[in-house]
Every structure is written in C-alpha cells, then in structure tokens.
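Comments concern the structure below.
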Amino acid sequence: HPYAARVAGAFGGTKRAVGGRAIKRPKAKTIAGQPPGRTTRPCVGAPFRRRRGGGPTAAAAAALRPTAGARVRQRAPTAELATQPVSGLQANLMKAAMKVVALVSGGKDSCYSMWLAAQEGHEIVALANLMPRDNAPDDLDSYMYQTVGHQLVEAYATCMGVPLFRRGIVGASSKQDLQYDTTEGDEVEDLYLLLAAVKQAMPQVSAVSSGAIASDYQRLRVEHVCSRLNLTSLAYMWHRPQDELLSGMIESGVDAIIVKVAALGLEPHKHLGRRIAALQPHLRALNARFGCNICGEGGEYETMVLDCPLFKHAYIELLDSEHVPASQDVAYLRPTRFEIVAKPGAPMPLPRGDLHTISHDWQPRRPTLRTSLDILPSVDEISISTLCRGGPDFLHMTLTPTSRMPADGADATSAALKVALAAMVEELSRRQLRLGSHCLFVHLYLANMGHFAAANKAYSCFFPPVNPPSRSCVQVPLPHGCPFMLDLQLVARARLPGEPSPIGAPPLRTVLHVQSISEWAPSCIGPYSQANAYGGLIYMAGCIPLDPSSMLVESPSDVVAQARKAMANAEAVSIALGSSVLRGCLSLTVYVAADAGPDGANAALAAIEAMLDVGALPSPGGGSGADDSGGEGEGEGPDALRPDPYLAPVVLPQPLRPTVVLVVVPALPRGCYVEVEPVLVDVGALEQRFHADPADGATSSDDETEGKACEHDKQTQRGNADAGARASSGDGRGGGGADAEGARAAAAA
C-alpha cells in the first residue's frame with residue numbers, strides 16, 4: 001500500500017499498517033420504518049391499445065397484506081436493522097422503497113420474486129409480460145422467456161388490481177454469448193421495448209423484479225436492459241438454495257401447477273396439472289437420485305401460478321386443459337377454459353383488469369445522452385502525475401494530483417478526478433490498452449470520504465458499464481491539497497469471453513458483475529465489479545458489511561459483527577467463482593476505520609483469523625461453523641439432497657492460509673468499521689489448465705476454459721443438467737444445472 005505511513009509490529013504472522021488520525025463519527029439517528037405509499041396513475045396519452053377497460057387502481061399497502069385465508073410466511077424484519085443508528089452519509093445512500101414493475105411469465109419463480117420484493121418494502125405497481133404473437137406456438141424456443149400457459153397471465157391484472165403491460169415476442173435468440181450487447185432482432189430487445197413502454201407510461205417506476213435463480217445468461221440480459229433504462233434490477237431469489245426457495249413458495253401461499261415436463265422422472269400423463277406442494281417430495285427425491293434441480297432451473301419443468309399472496313382480489317380456477325406432446329418425454333399443458341374467482345372481501349363486481357398491449361412497431365422517445373466528453377472540466381490549475389511500471393504481462397499505473405488544488409470540496413475532487421481519468425485514458429491509448437479489456441483492479445484513495453459520491457460520479461463517466469474492473473475505495477492520509485490517488489492494476493494481454501481466440505491469443509479475463517439487488521451478496525450497480533479473474537488469480541473488490549437485500553450497513557455499532565458480515569459477503573462471491581475466501585485465499589487486506597479504536601481493530605482481526613483457522617463462517621447458532629458445507633447441508637446418504645452447483649463449496653486438498661494485512665484508515669465507505677479485500681486462487685481455471693485428459697495427456701487450453709465458461713450457462717438453458725446422471729430434454733429456461741463436484745474432486749485428487 002503506497003500510502004501506508006509505516007508497517008510495524010507482528011500480530012501472529014499478521015502485518016499492521018497504521019496511518020492517519022481518527023475522525024469524529026456523525027451524530028447517529030434512528031431509521032423509522034414507514035409504510036409504502038399508494039401508487040400514482042400512468043400518464044395520460046400513453047401510446048397503448050387498451051383491450052379491457054378501467055384504470056390502474058393498485059394500492060401497494062393493500063397489496064402487501066396477505067390475502068384472507070392464505071398461508072403466508074412473513075419474513076420477520078430484523079429489529080436491529082429497523083432501529084439501527086446510521087451516519088448521515090449512510091442515510092443519504094441507503095435504498096428507499098421503490099416502485100416496481102414485476103416481470104411475470106405466469107410461473108412460480110416470477111410470482112414469488114415479486115412477493116419477496118414486496119416483503120422488502122417495495123411496491124408492485126405494474127406487471128409486464130412477453131407472450132407469443134398471434135398464431136405462434138405456445139412453447140417458443142426461447143432462452144429467456146417461459147411462454148407455456150400465457151393464456152392465464154391476462155387474468156393477473158384482475159387478481160392483483162395493477163395494470164398489466166404485454167408485448168408479443170418478435171425477436172429470436174440471435175446473440176447466444178453469455179455477455180450481451182444491443183442486438184437488433186434479438187428477443188432481449190423485446191424486453192427492452194416492453195419495459196421502455198412501462199417506464200414511459202409510469203415514470204414513477206424505478207425497479208424491475210425477475211425470477212432469476214442461477215442463470216447468468218438471463219440475469220445479465222435483464223441487467224443490461226435495466227441499465228439502458230436507468231432501472232434497478234431486483235432478483236431476491238438469486239443464488240439461494242432451491243429447496244429453501246420451493247418450500248418458501250409453498251409456505252407463503254403460492255399455488256402453482258406443473259404445465260410442462262422435460263426430464264426423466266417427470267411423466268406428462270402423471271405430473272402435468274399437479275400442484276407443486278403435492279410434488280415437492282417427488283422433486284426432492286429426483287434431486288437426491290439424479291441431481292435434478294428442485295426449482296426446475298435446468299428446464300426440468302415449468303409451472304403456472306393460480307394464486308399467490310399478492311392476488312388480493314381473486315384467484316384463477318382452471319376448468320379445462322389439454323396435453324400437447326412435444327416429444328416422447330416432453331409435453332406441456334394448454335389451458336382451454338378457466339375462470340376468475342373473487343376472494344372474500346374483494347370489491348364486487350370485480351374491477352376489470354387494466355391491460356395495455358404494446359404494438360410491435362412501437363418505439364420509445366429517445367433521450368439525449370451525455371458522454372464523458374460532455375462533462376470534462378476546464379481546469380488549467382490541475383496537473384496529474386502518472387507513474388507506470390511493470391513488465392510484459394502486467395502494468396501498474398498510479399495517478400496523483402501534483403499541484404495544490406485551487407479549491408476544496410467535493411466539486412474540486414470530482415474535477416481533479418476527471419482530469420486524472422482523462423489522462424489515464426490517453427496514456428492507455430498510447431500503449432494500445434483499453435479500460436474495458438485490460439484493467440483488473442482499481443484502488444481509489446480519497447482524502448475525504450465525504451467526497452465519495454462526487455468522486456464515484458466522476459469515476460462512472462470513464463469506466464465501462466460492461467466487464468468493469470473491481471475496485472476498493474478507502475480514505476487515507478494524503479498530502480495537503482491532494483484530494484485523491486488512483487492506483488490501477490492492468491494486464492498487457494487479455495481477452496474477454498466471446499472475443500476471438502486464435503492460436504497464441506492472450507489469456508482469458510473473466511468478470512463477475514452482478515448488478516441485481518438480492519439476498520446473495522451486495523450488488524455492484526456502478527461501473528465496478530465484484531471480482532476479476534485472470535491468470536489463475538481472482539481479484540475481489542473490497543467487501544463491506546452490507547445486508548445485500550436492503551444495502552444497509554449491518555450492525556453499525558458492532559465491529560466484530562461487521563467483520564463477520566464482510567467475510568460472509570466475500571465468501572458468497574468467491575463461491576460463485578468456484579473458489580473460497582476461507583479456503584483458497586492467498587492474501588487478505590483488512591481495512592479497519594480508526595474510529596473503531598485499537599481494541600476494535602484487534603477484535604475484528606481476531607474474528608477474521610478465527611474464521612480462517614476453521615475454514616468456515618460462524619454458524620447462526622454461534623458455533624464455529626466448521627462443519628458447514630456451504631450448500632443446503634442435508635447430510636450424506638442416498639436420500640440426501642445435493643447442494644446446488646452455485647452453492648457447492650470448493651474442494652482443496654489443503655486449505656490455504658493467507659497473509660493478512662491489517663490497515664487502519666481514517667474512514668471507510670458508508671461509515672463502516674471494516675472492509676476486506678481478498679486475492680484468491682482461481683480453482684476452476686487451474687482445474688481446466690492442469691487437469692490432464694486421460695486419452696492423450698493433453699492439458700486444457702485457455703480456449704477450452706473460455707468455451708466451457710461461456711457454454712455452461714447456455715447448456716443449462718437447454719436443460720442439459722447432470723447429463724451423466726439423467727437424460728434431460730429441457731427447453732431453455734433457468735441455469736446452473738451442471739454439477740461441479742466431480743470436476744473439483746478430480747482436481748483436488
């Protein structure tokens with residue numbers, strides 16, 4: 001750390017860097033929970049053809065109330081979060097309740113996802129659905145959307161009392177790479193136009209809920225559309241255990257039936273039309289025996305919701321249907337007759353659903369976009385020192401203002417940072433490098449953390465929204481008049497998934513950038529990612545103790561609890577990359593705010609080292625957690641559930657014990673006490689590189705690594721999960737089906 005004042009002392013093999021003076025914490029205040037307000041009406045004159053009468057009449061507060069007689073599992077709010085004191089900076093940055101449009105296919109996942117969003121305090125003000133066009137088959141060959149049972153979705157507007165926006169699917173799965181760029185004629189553009197129509201008609205909408213669980217293919221495309229429309233993606237089911245999710249759906253009152261089967265063990269004549277509550281034991285048995293995804297993430301089955309807690313006015317009763325065979329073991333159910341049944345207490349007669357159909361030739365009003373060139377400041381007094389050092393593979397660049405700033409404050413910091421970033425882009429261009437392809441990690445050091453918002457806004461103008469570098473931001477003692485220092489780590493040769501890979505091509509750089517708010521780990525909505533992997537190493541962004549679902553600081557007055565939460569967030573990210581902070585970490589930088597004091601710094605460090613010693617997070621009950629598997633933890637034996645692939649812990653013959661560096665700094669983002677910054681072994685990449693093929697002894701190349709990384713999610717979209725254990729004929733919904741335990745065990749051996 002170039003800013004460290006000194007490195008001194010030994011702490012059981014741990015180095016300690018101490019610098020700067022303590023800062024006074026802002027006066028604490030209490031968050032008072034407020035019920036969400038009522039929705040507003042769409043703007044008049046929206047360009048839609050209205051098929052059924054009546055205006056939007058949803059009252060979000062009523063939508064959050066359980067329906068009479070429904071089996072509802074209320075998520076108890078954390079008392080600590082409801083009454084926790086927060087700093088003024090945190091109060092300005094924390095997430096408020098948002099107006100949400102829910103993407104609904106009619107399936108259980110999308111309905112349960114919007115219920116979880118409502119439980120988090122957000123307000124469902126509209127529904128959005130993509131359906132087959134006239135005369136198109138019910139079951140489209142789509143990687144993105146469920147279309148079976150679309151005949152019932154129109155009734156959701158009446159059942160919920162919120163407007164429903166629908167559009168026919170015009171495009172196809174044209175761009176099938178994992179990463180998505182705007183592609184004319186692709187089915188993702190149908191989603192963009194649908195949500196653009198919602199946004200134009202209801203400007204108060206600020207977020208989108210979706211039912212993504214494990215499919216990066218789907219999540220990245222939803223996030224891409226949301227970023228284009230300045231919407232926040234909500235995916236509260238992302239990377240949660242599927243058995244837990246299915247149980248939660250049933251307990252909360254989601255009444256869904258099977259409308260498509262496409263896997264061994266699910267028979268059309270036997271299981272179509274059955275309720276998921278009745279089939280849960282059978283789905284668990286299929287998982288234990290064959291590794292089938294309990295929620296159908298491998299395309300094993302699809303569902304249609306007839307009732308859920310947000311259906312406050314009515315539910316759907318299916319009166320008649322027909323079975324449509326697609327192949328020998330694949331068939332779906334086509335509803336032919338149904339009725340809407342009013343619930344007790346619903347207004348009579350039932351208000352007719354407010355349906356908006358978006359024509360295929362509708363186009364949104366195009367806003368005027370500003371580029372980074374529009375906002376470059378004209379500051380002649382600022383000079384930037386650029387220091388570059390490195391070798392043929394890596395480049396280390398440091399940018400520091402060398403002249404005293406003509407003014408102090410957030411605006412001056414923002415102006416100087418823009419000048420520095422412009423100089424950085426010019427220097428990289430001279431070296432034929434690009435931020436989007438070659439930058440792995442950025443340290444942003446600020447002299448005043450109160451300028452974080454302004455600095456982050458300037459930063460966002462230069463770094464790419466797709467495949468950005470990871471980042472860590474802390475306040476450090478810089479020379480007087482120097483508002484920041486920027487430290488970048490770049491690779492001289494790198495390529496991204498989807499780029500050409502001829503013989504002799506540079507190594508692959510992979511990026512984990514999850515922008516959706518979920519319960520998995522804190523989202524990275526800005527141009528910085530959770531992690532960058534290159535050359536067998538994973539460079540993780542700094543992790544602070546945020547509650548992922550609310551994006552609020554957990555336990556703001558408890559240093560040890562913050563240390564554990566920061567490590568838990570880092571571990572969740574590392575498991576998604578096939579590694580582990582607790583078992584596969586090479587180095588770990590622990591930043592502690594000076595406000596925690598020496599005792600707080602020592603306690604945070606001791607808590608982190610205790611987790612590293614046992615290789616596990618503390619259990620909820622307060623134990624060591626050494627026996628935690630990282631998955632569902634159903635034990636062993638032929639009837640035990642298999643952990644979901646995205647939750648499977650890394651298998652290493654010997655856990656690594658990282659070098660831990662404790663750095664005491666004046667302040668951290670959001671007023672936190674603790675931030676951790678790990679560098680990990682990329683176990684998956686090393687497996688691909690060094691795992692010998694039994695036939696010829698050849699090792700896997702970087703090209704094979706890229707191909708497997710890019711094809712994994714697309715294969716699971718087709719339902720090819722656990723191909724060695726079962727024969728699945730999935731149709732392209734969901735992801736995360738392939739079991740990684742075998743490959744990891746082989747690599748460990």
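Quick note: residue numbers are just sequence positions, from 1.
Taking every heavy atom of both residues into account, Leu191 and Val222 meet most closely at CD2-CG2, 4.2 Å.
With contacts defined as side-chain heavy-atom distances shorter than 4.5 Å, the pair Asp255/Arg275 qualifies. At a threshold of 4.5 Å between non-hydrogen side-chain atoms, the residues Glu519 and Glu120 count as touching. You'll find the side chain of Pro137 stays beyond 4.5 Å of the side chain of Asp139, heavy atoms only. Side-chain contact check for Leu130 versus Arg166: every heavy-atom pair is 4.5 Å or farther apart. Between Cys159 and Ile316 there is a side-chain heavy-atom pair separated by less than 4.5 Å. Side chains of Tyr217 and Tyr180 form no contact here, defined as non-hydrogen atoms less than 4.5 Å apart. Contact check for Ser516 versus Glu223: side-chain heavy atoms found under the 4.5 Å cut-off. Met237 places a side-chain heavy atom less than 4.5 Å from the side chain of Met249.
Between the side chain of Thr183 and the backbone N or O of Asp181, at least one donor-acceptor pair lies under 3.5 Å. A donor-acceptor contact shorter than 3.5 Å is absent between the side chain of Arg221 and the backbone of Asp216. Thr147 places no side-chain N or O within donor-acceptor distance of the main-chain N or O of Met131, the cut-off being under 3.5 Å. No donor-acceptor pair under 3.5 Å is formed between the side chain of Ser523 and the backbone N or O of Ile517. For Arg337 (side chain) and Leu318 (main-chain N/O), no donor-acceptor pair under 3.5 Å exists by modelled atom type. The backbone N or O of Val511 sits nowhere less than 3.5 Å from a side-chain atom of Asn467 that would complete a donor-acceptor pair. Under the 3.5 Å distance criterion, the side-chain polar atoms of Arg133 are left unmatched by any main-chain donor or acceptor of His360.
Salt bridge status for Asp186 with Lys175: absent, with no side-chain N to carboxylate O gap under 4.0 Å. Using a 4.0 Å cut-off between a side-chain N of Lys or Arg and a carboxylate O of Asp or Glu, Asp307 and Lys343 qualify as a salt bridge.
For the side chain to side chain contact (heavy atoms under 4.5 Å, CB included) with Tyr315, the lone residue among Ile340, Val341, Leu306 that qualifies is Val341.
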- Go through the steps to decide whether Glu189 and Arg228 satisfy the test salt bridge (charged side-chain N to carboxylate O under 4.0 Å, His left out), and finish with yes or no. CA-CA 11 Å; Glu189 298 309 302; Arg228 291 161 65 184; 2.9 Å; yes

- Message: Show, in sequence, the C-alpha distance, side-chain angles and deciding distance for Ile258 and Leu279, and conclude whether the side chain to side chain contact (heavy atoms under 4.5 Å, CB included) test is met.
- Response: CA-CA 9 Å; Ile258 304 290; Leu279 282 182; 3.5 Å; yes

- Query: ring pair (Phe, Tyr, Trp, His ring centres under 6.0 Å) between Tyr112 and Tyr236: does it pass, once the steps are laid out?
  - Reply: CA-CA 9 Å; Tyr112 189 56; Tyr236 287 110; over 10 Å; no

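For the residue pair Ser247 and Glu244, no side-chain donor N or O sits within less than 3.5 Å of a side-chain acceptor on the partner.
A perpendicular orientation is assigned to the rings of Trp520 and His239, their planes being inclined by more than 60° (bins at 30° and 60°).
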